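Inspection log for the structure reproduced underneath, given as structure tokens.
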Number of protein chains: 2
Amino acid sequence: MSVVAIPEKSLQPTRLTRARRTAIIKALADPHRFALLEQIAKAGCPLGCSQARAALPISAATLSHHIKELETAGLINVRREGKFHYLTLRPGVLTALAAGLTALDTGPCAAH
Amino acid sequence: MSVVAIPEKSLQPTRLTRARRTAIIKALADPHRFALLEQIAKAGCPLGCSQARAALPISAATLSHHIKELETAGLINVRREGKFHYLTLRPGVLTALAAGLTALDTGPCAAH
DNA sequence: GAATCAATTTGATAGTTATCGAAATGTCGA
DNA sequence: TCGACATTTCGATAACTATCAAATTGATTC
């Protein structure tokens with residue numbers, strides 16, 4: 001991918017920069033990655049990698065890759081606890097994105 | 001790309017299928033495509049291709065490609081009027097997607 | 001320390017796609 | 001009909017990325 005780092009920042013759903021928004025949408029654009037995100041969300045929360053592994057039809061290497069993508073995009077946090085890693089959603093990110101999308105969709109456009 | 005057709009359907013923000021959601025997110029994931037969508041939204045509405053052309057640093061061929069992607073994903077309508085084509089947002093689509101994203105982000109997850 | 005298990009990194013590969021120039025199609029006015 | 005203009009299609013190319021097997025790193029237990 002690319003992207004420098006995750007601005008480990010304030011939790012208020014502020015505004016997303018263009019670059020960050022693009023990174024997030026790209027991260028969401030892969031079906032396996034989206035499914036993983038759904039699993040994390042559904043899990044109450046901290047989801048172990050092994051559980052993630054069981055939920056997706058991909059190899060450990062590929063899962064690791066996707067986790068990194070989601071983390072880099074700032075969509076999840078990864079708590080590394082010894083041998084195990086736990087995944088959680090970063091709250092507010094999806095909501096911020098959603099707000100931006102909805103804003104585009106509000107306007108006096110009579111389709112067609 | 002892929003995708004069969006645009007279910008020219010009811011305008012209520014119903015539910016998106018997985019496949020459709022993926023198609024939409026993929027369409028949004030390209031910066032030029034997103035910028036085009038923003039232009040359309042900002043334009044009051046029907047945006048001529050030439051205006052789009054002027055707003056983006058890409059060739060006509062590439063613009064045509066992106067328009068088709070957005071249309072195939074069901075994000076825009078294209079009204080073809082003789083020599084000119086006019087682009088409008090399909091209302092409700094972005095909102096439906098946003099609703100799905102927000103739903104993921106609501107839950108008892110104390111990040112970290 | 002050795003064995004074991006979890007996760008990551010390292011190649012390598014196959015599939016996808018954004019991009020353009022050039023050619024084609026389609027529309028309109030002279 | 002011809003030329004000018006808008007848009008699309010074609011063909012080719014470069015960049016990106018999802019994927020895996022194999023090797024590696026790191027932590028835990030014996």
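In the text below, chain A, chain B and the rest are named by the order of the sequence lines, each starting its count at 1. Values in this document were obtained by computation on a predicted structure and should not be read as measured data.
- For B:S50, the side-chain hydrogen bond (donor to acceptor under 3.5 Å, both in side chains) test picks out no residue, with sequence neighbours left out.
- Counting to the nearest Å, the P atom of C:dT9 and the CD1 atom of A:I67 are 11 Å from each other.
- Remark: C1' of C:dT16 and CD1 of B:I25 are 18 Å apart, rounded to the nearest angstrom.
- A search for side-chain hydrogen bond (donor to acceptor under 3.5 Å, both in side chains) contacts involving B:H65 returns nothing, not counting sequence neighbours.
- Checking the phosphate oxygens (OP1, OP2) of C:dA7, a side-chain nitrogen or oxygen of A:S50 falls inside 4.0 Å.
- Side-chain nitrogen and oxygen atoms of B:R80 include none within less than 4.0 Å of the OP1 or OP2 phosphate oxygen of D:dA6.
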Fill in: Contact state string [nucleotides 18-30 of chain D, B base, S sugar-phosphate only, - no protein heavy atom under 4.0 Å]
SBBB----BSS--
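- Listed by chain and number, the residues in a side-chain contact (heavy atoms from CB on, under 4.5 Å) with A:T22 are A:K26, B:P31 (sequence neighbours excluded).
- Under the salt bridge (charged side-chain N to carboxylate O under 4.0 Å, His left out) criterion, A:R18 pairs with B:E38, sequence neighbours left out.
- Evaluation of the side-chain hydrogen bond (donor to acceptor under 3.5 Å, both in side chains) rule for A:H85 yields no partner, not counting sequence neighbours.
- In this structure, the CD atom of B:Q51 is 16 Å from the C1' atom of D:dC5, given to the nearest Å.
- The CG atom of B:L87 sits 15 Å away from the P atom of D:dA6 (whole-angstrom rounding).
- The nearest whole Å value for the distance from the CG atom in B:L28 to the P atom in C:dT17 is 14 Å.
- For the pair A:E71 CD and C:dA7 C1', the interatomic distance rounds to 13 Å; values are reported in whole Å.
- Contact of the A:T102 side chain with the B:T102 side chain is not registered, since no non-hydrogen atoms from C-beta on lie closer than 4.5 Å.
- Nucleotide C:dT27 holds its P atom 13 Å from the CZ atom of B:F84, rounded to whole Å.
- Rounded to an integer number of Å, the gap from NE2 of B:H85 to P of D:dT9 is 10 Å.
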